[in-house]
Amino acid sequence: MEKSCSLIVHFDKGTPALATEIKESLEGNDVAAKIEALKKAIMLLLNGETIPQLFITVIRYVLTCDDHTVQKLLLLYLEITDKTDSRGKVLPEMILICQNLRNNLQSPNEFIRGVTLRFLCRINESEIVEPLIPSILSNLEHRHPFVRRNAVLAVMSVYKLPQGEQLLDSAPEIVEKFLVSEQDASSKRNAFLMLFSCAQDRAVNYLFTNIDRIIDWGEQLQMVVLELIKKVCRNNKGEKGKYIKIIISLLSANSTAVVYECAGTLVSLSSAPTAIKAAANTYCQLLLSQSDNNVKLIVLDRLNELKRDNREIMVDMVMDVLRALSTPNHDIRRKTIDIALELITPKNIDQVVMMLKKEVVKTQSGEHEKNGEYRQMLVQAIHTCAIKFPEVASTVVHLLMDFLGDTNVASAMDVVVFVREIIETNPKLRVSIITRLLDTFYQIRAARVCSCALWIIGEYCLSLSEVESGIATIKQCLGDLPFYTISEDGEGQETSKAVQQVNSTTVSSRRPAILADGTYATQSAALETAMSPPTLVQGSLSSIGNLRSLILSGDFFLGAVVACTLTKLILRLEEVQTSKVEVNKATSQSLLIMVSMLQLGQSSVLPHPIDNDSHDRVVLCIRLLCNTGDEIRKIWLESCRQSFVKMLADKQRRETEEIKAKAQISNAQPDDLIDFYHLKSRKGMSQLELEDEVQDDLKRATGEFTKDADDANKLNRILQLTGFSDPVYAEAYVTVHHYDIVLDVTVINRTKETLQNLCLELATMGDLKLVERPQNYTLAPESSKQIKANIKVSSTETGVIFGNIVYETSSNVLERTVIVLNDIHIDIMDYIAPASCADVAFRTMWAEFEWENKVAVNTVLQDEREFLGHIIKSTNMKCLTPPSALEGECGFLAANLYAKSVFGEDALVNVSIEKQSDGKLSGYIRIRSKTQGIALSLGDKITLKQKGTAQ
């Protein structure tokens with residue numbers, strides 16, 4: 001076994017020392033050499049070496065040295081050296097050590113006394129300690145606090161020895177008297193800790209005797225008081241009312257550590273609304289007063305836990321929580337917003353949205369590099385608020401539309417998606433949103449944002465003026481036609497420049513521009529855009545539009561969207577415009593635009609020609625405008641919007657189902673006692689105690705106190721490690737926590753002999769690490785032993801634990817028997833949980849993650865959705881693709897799955913399967929992650945489960 005050392009001693013492992021060299025150095029008179037020799041001796045002992053001949057040398061030459069460093073190292077040496085023989089008896093040489101320790105305890109130097117008392121705290125042999133007890137007690141009255149505080153700890157360690165109560169039966173009484181008269185804060189803390197550990201009743205009596213002075217005690221003593229309260233209340237729940245008063249009084253302590261511990265203790269002991277409110281207030285104060293980001297994150301975690309069980313109380317704190325947004329840290333802001341969004345109610349929604357709007361405005365002026373990400377976060381939060389409470393949409397939608405031209409594409413995309421949803425769910429805002437969108441459309445610089453904005457224009461421009469404005473806006477942003485001209489030598493003029501990618505270009509805009517002070521500029525303004533250079537037909541003076549720049553850079557998907565939007569607007573114009581001349585004029589202009597796009601796509605002036613899909617869509621639009629039927633008109637003008645409405649309804653239904661699933665309430669037994677608040681006896685109870693009692697009764701009535709684990713699930717975690725015919729039978733119960741695994745191994749001696757030095761030797765493979773080695777045990781015939789082993793986990797990866805049991809029999813001590821154990825495989829499913837993320841975030845991560853594992857589909861299942869359900873169940877992941885998108889029979893299925901590990905790692909899975917003509921399924925399951933471990937482990941799991949279904 002490795003021996004413990006309470007202090008770290010530097011040691012160069014590259015130069016192992018010889019016992020003879022150490023001995024010579026110790027026998028010399030050079031103090032520095034003695035110090036080095038002692039350090040080497042200590043490290044050799046810690047590494048398992050035995051140097052028995054060195055002990056006498058130490059006694060002869062080191063005990064008499066007066067140097068403080070030598071004396072300190074001597075005590076370390078004595079702590080780790082063997083002080084007993086093979087039979088467990090104390091070595092006779094220890095008598096000499098006892099005499100030296102007594103001299104140290106009476107030394108005029110307080111350092112020597114203090115370190116000797118600290119050394120005695122780690123001595124377990126009562127024969128060594130017994131003659132020193134009078135000297136230890138005399139040090140309780142020493143003038144220096146360093147000696148007194150270590151003397152108290154020494155008294156406690158002596159009292160805790162197996163025969164400690166006989167050796168020092170009056171220890172609690174002595175320490176209690178010491179505590180009353182002591183003034184040093186650390187000494188008082190140690191004395192109270194001794195009473196807390198060894199004589200709890202005396203500690204409680206002292207606490208209530210000095211209840212008025214608790215607030216003035218030192219931080220260390222207050223922390224021990226909180227530990228005492230937790231221990232007492234766990235054992236005797238009936239008395240916790242009077243202790244809760246002490247905790248609430250400590251909430252006003254000067255130490256933030258004490259205040260934090262008080263809040264945590266209060267929540268763990270009481271469910272009373274007053275107590276929860278006090279704890280929440282404390283956490284909010286800490287959130288604002290602490291500058292350390294790690295502290296803020298921990299406090300936000302505590303507030304999140306409070307929110308789960310006490311949402312009604314936390315609702316009033318939402319504005320206090322939101323004040324943490326002033327911290328310029330992305331993670332803190334994300335957590336703060338997540339907590340606040342679950343606390344919004346009709347009562348506080350206006351305040352929350354007002355706060356979020358202010359933060360959005362701040363992101364415009366700030367120079368912080370992550371302002372774009374923060375703005376995106378705020379837009380998503382406002383979107384969530386507007387969906388839950390549609391009445392607030394009118395106050396925020398116009399502010400957010402200013403960010404449609406945001407350089408952060410993700411943020412602008414969130415804004416346009418928000419606008420698209422609001423314009424459908426809030427019909428009253430339709431006219432103002434369309435007007436604002438048409439006015440600001442020229443500012444949009446991202447193709448994806450343009451596509452979504454064009455869809456909104458095509459679907460929601462209903463009146464004559466709106467339709468005409470929509471067509472005019474698109475024409476203006478496309479610029480003059482054609483997109484390129486052919487010179488005599490047959491090459492494109494000026495447009496050939498469009499292919500050269502330029503980082504930025506300045507273009508002239510005649511639109512009104514908003515200056516930094518908020519006023520409008522009426523003259524032409526210069527816009528800096530990060531796009532391809534403008535392409536103008538020679539002789540034209542018109543400004544370059546955003547659509548023209550994007551199409552000339554080769555984005556023909558956007559060109560197809562422009563064609564579809566113009567088609568919808570022309571079809572609607574036919575319904576609202578009485579003049580056929582105007583309709584024909586607009587139709588011919590739109591057809592010209594579409595033909596020009598096809599011409600550009602098929603020309604050689606761009607590096608890539610138009611793709612087939614975009615070409616077909618544009619051609620379809622041209623045919624439609626040339627010959628329109630009623631059925632086609634109905635599809636283009638009504639069915640698109642109906643599909644969008646259906647998508648929104650489906651999304652809302654799924655969110656409602658998730659909320660219902662989370663809100664599963666525990667059921668109580670039919671014969672459980674229910675206490676009624678108004679009928680409860682109030683004799684001698686404060687309001688807080690009464691509230692606490694009632695809350696406990698409510699929890700009992702709703703079954704929260706009796707959440708029994710599934711016994712069948714427990715049995716599934718028992719693994720057999722050896723065979724039934726082996727002389728030693730072993731089985732393990734595996735408990736997986738977030739960052740560690742506990743193996744509870746039951747070992748049974750099935751022989752008629754006593755097994756000596758039985759040791760469970762374990763080793764690990766993967767990102768697993770043994771915390772400690774199990775000890776050696778002696779096992780009587782046909783008896784059993786419970787052995788625990790802790791293993792730390794550092795990443796989400798399938799790990800293997802393997803090992804053996806080694807023992808000696810009483811009949812043959814020289815021969816060691818080895819039994820090899822079955823391997824224990826740690827399942828990756830214990831570390832990943834289903835999670836949600838936006839489609840945009842999924843696609844971004846899919847593009848960024850470098851590790852991919854591709855698994856071919858191999859199954860006997862013949863139904864696509866049944867196979868998808870089997871994969872979801874096997875991998876413990878969540879399907880991000882909505883059920884409505886998986887409906888229908890087309891012989892093909894594609895779905896995205898997502899999960900998150902306890903270590904914060906993302907796992908992305910794409911399932912693409914196709915039904916063959918013979919009815920079998922084929923295709924691939926692709927897994928992507930940031931780390932190799934999770935991609936490989938998840939791939940192995942899927943391969944294994946597929947084979948399981950195939951069998």
Side-chain angles (χ1 to χ4, degrees), residues 3-9 26 31 34-35 37-39 41-42 45-46 54-84 90-161 163-164 167-168 171 174-175 178 182 184 186-187 189-191 193-194 197-198:
K3 297 185 179 179
S4 60
C5 176
S6 57
L7 295 175
I8 296 172
V9 180
L26 291 176
V31 173
K34 282 189 177 183
I35 290 170
L38 272 173
K39 284 183 180 179
I42 289 166
L45 286 171
L46 285 175
L54 201 62
F55 189 67
I56 298 299
T57 308
V58 169
I59 290 174
R60 287 180 62 192
Y61 296 100
V62 180
L63 280 186
T64 53
C65 183
D66 294 331
D67 185 79
H68 290 177
T69 308
V70 171
Q71 285 296 320
K72 186 176 178 180
L73 289 168
L74 169 64
L75 294 172
L76 273 177
Y77 173 82
L78 294 175
E79 181 188 335
I80 60 174
T81 194
D82 289 327
K83 293 173 276 296
T84 56
V90 175
L91 295 171
E93 298 93 296
M94 285 297 147
I95 302 300
L96 299 170
I97 299 295
C98 287
Q99 184 59 45
N100 180 68
L101 294 174
R102 185 187 287 110
N103 293 340
N104 281 358
L105 291 174
Q106 294 167 358
S107 166
N109 184 282
E110 55 269 9
F111 174 77
I112 295 296
R113 287 194 185 213
V115 293
T116 306
L117 288 163
R118 192 180 291 174
F119 162 74
L120 290 173
C121 293
R122 297 186 285 270
I123 296 297
N124 298 320
E125 290 77 22
S126 52
E127 292 91 338
I128 298 173
V129 174
E130 188 175 4
L132 303 174
I133 289 174
S135 301
I136 293 171
L137 292 176
S138 66
N139 278 299
L140 287 172
E141 298 170 6
H142 193 272
R143 59 180 173 76
H144 203 284
F146 177 70
V147 177
R148 296 200 301 274
R149 75 178 70 132
N150 284 300
V152 175
L153 291 177
V155 169
M156 179 169 74
S157 64
V158 170
Y159 192 74
K160 281 185 172 180
L161 289 173
Q163 298 86 25
L167 291 174
L168 196 54
I174 293 167
V175 171
F178 171 83
E182 182 57 49
D184 177 61
S186 295
S187 303
R189 177 256 179 199
N190 291 352
L193 183 64
M194 188 272 171
S197 307
C198 307

_Interatomic distance, Asn103 atom CG to Ile112 atom CD1 [nearest 0.5 angstrom]_ = 11.5 Å
*asked:* What I'd like to find out is whether the side chain of Ile97 reaches to under 4.5 Å of the side chain of Ile128, using heavy atoms alone.
replied: no
_For Tyr61 versus Leu26, what's the shortest heavy-atom pair and its separation?_
CB-O, 3.4 Å
*Less than 4.0 Å between a side-chain N and a carboxylate O, is that true for Asp184 and Arg149?*
yes
*Would you check if Leu73 and Lys39 make a side-chain contact, meaning some heavy-atom pair closer than 4.5 Å?*
yes
*For Gln99, does the CD atom sit with more than 12 other heavy atoms under 6.0 Å from it, leaving out its own atoms?*
yes
*Could you give the distance from CG (Leu161) to OG (Ser126), rounded to the nearest 0.5 Å?*
6.5 Å
*First locate atom CG of Leu193, then atom CG of Leu153, and finally report the distance between them rounded to the nearest 0.5 Å.*
7.0 Å
*Provide the closest heavy-atom pair for Arg148 versus Leu140 in the form atom of the first, atom of the second, distance.*
CD-O, 3.4 Å
*asked:* My understanding is that only residues two or more places apart in sequence, or in another chain, count here; which of them pass side-chain contact (heavy atoms from CB on, under 4.5 Å) with Gln106?
replied: Arg102, Ser135
*Using side-chain hydrogen bond (donor to acceptor under 3.5 Å, both in side chains) as the criterion, list what pairs up with Ser107, not counting sequence neighbours.*
none
*Could you name each residue pair satisfying ring pair (Phe, Tyr, Trp, His ring centres under 6.0 Å) that touches residues 132-153, not counting sequence neighbours?*
none
*How about Lys34 and Asp67: do any of their side-chain heavy atoms sit closer than 4.5 Å?*
no
*What is the distance from atom CZ of Phe178 to atom CD of Glu141, rounded to the nearest 0.5 Å?*
9.5 Å
*Pairwise distance OG(Ser138) to CD1(Ile133) - rounded to 0.5 angstrom*: 12.0 Å
*Gln71 side chain to Asp66 main-chain N or O, any donor-acceptor pair under 3.5 Å?*
no
*Of the non-hydrogen atoms in Leu74 and Leu38, which two are nearest, and what is the gap between them?*
N-CD1, 4.2 Å
*Under 3.5 Å donor-acceptor, Arg113 side chain and Pro108 backbone*: no
_Less than 4.5 Å apart, side chain to side chain, heavy atoms only: is that true for Leu101 and Leu75?_
yes
*asked:* Quick one, Leu137 and Val155 - any side-chain contact, counting heavy atoms below 4.5 Å?
replied: yes
*If every non-hydrogen atom of Cys98 is compared with every non-hydrogen atom of Pro131, which pair is closest and at what distance?*
SG-CG, 4.4 Å
*Could you tell me which non-hydrogen atom of Glu79 sits nearest to which non-hydrogen atom of Arg122, and how far apart they are?*
OE1-NE, 3.0 Å
*Pairwise side-chain contact, Tyr159 with Ser197, heavy-atom cut-off 4.5 Å (strictly under)*: no
*Over all heavy atoms of both residues, which pair between Ser157 and Leu120 is shortest? Give the atoms and the distance, please.*
OG-O, 3.8 Å
*Starting at NZ of Lys160, measure out to CE of Met194 and round the result to the nearest 0.5 Å.*
9.0 Å
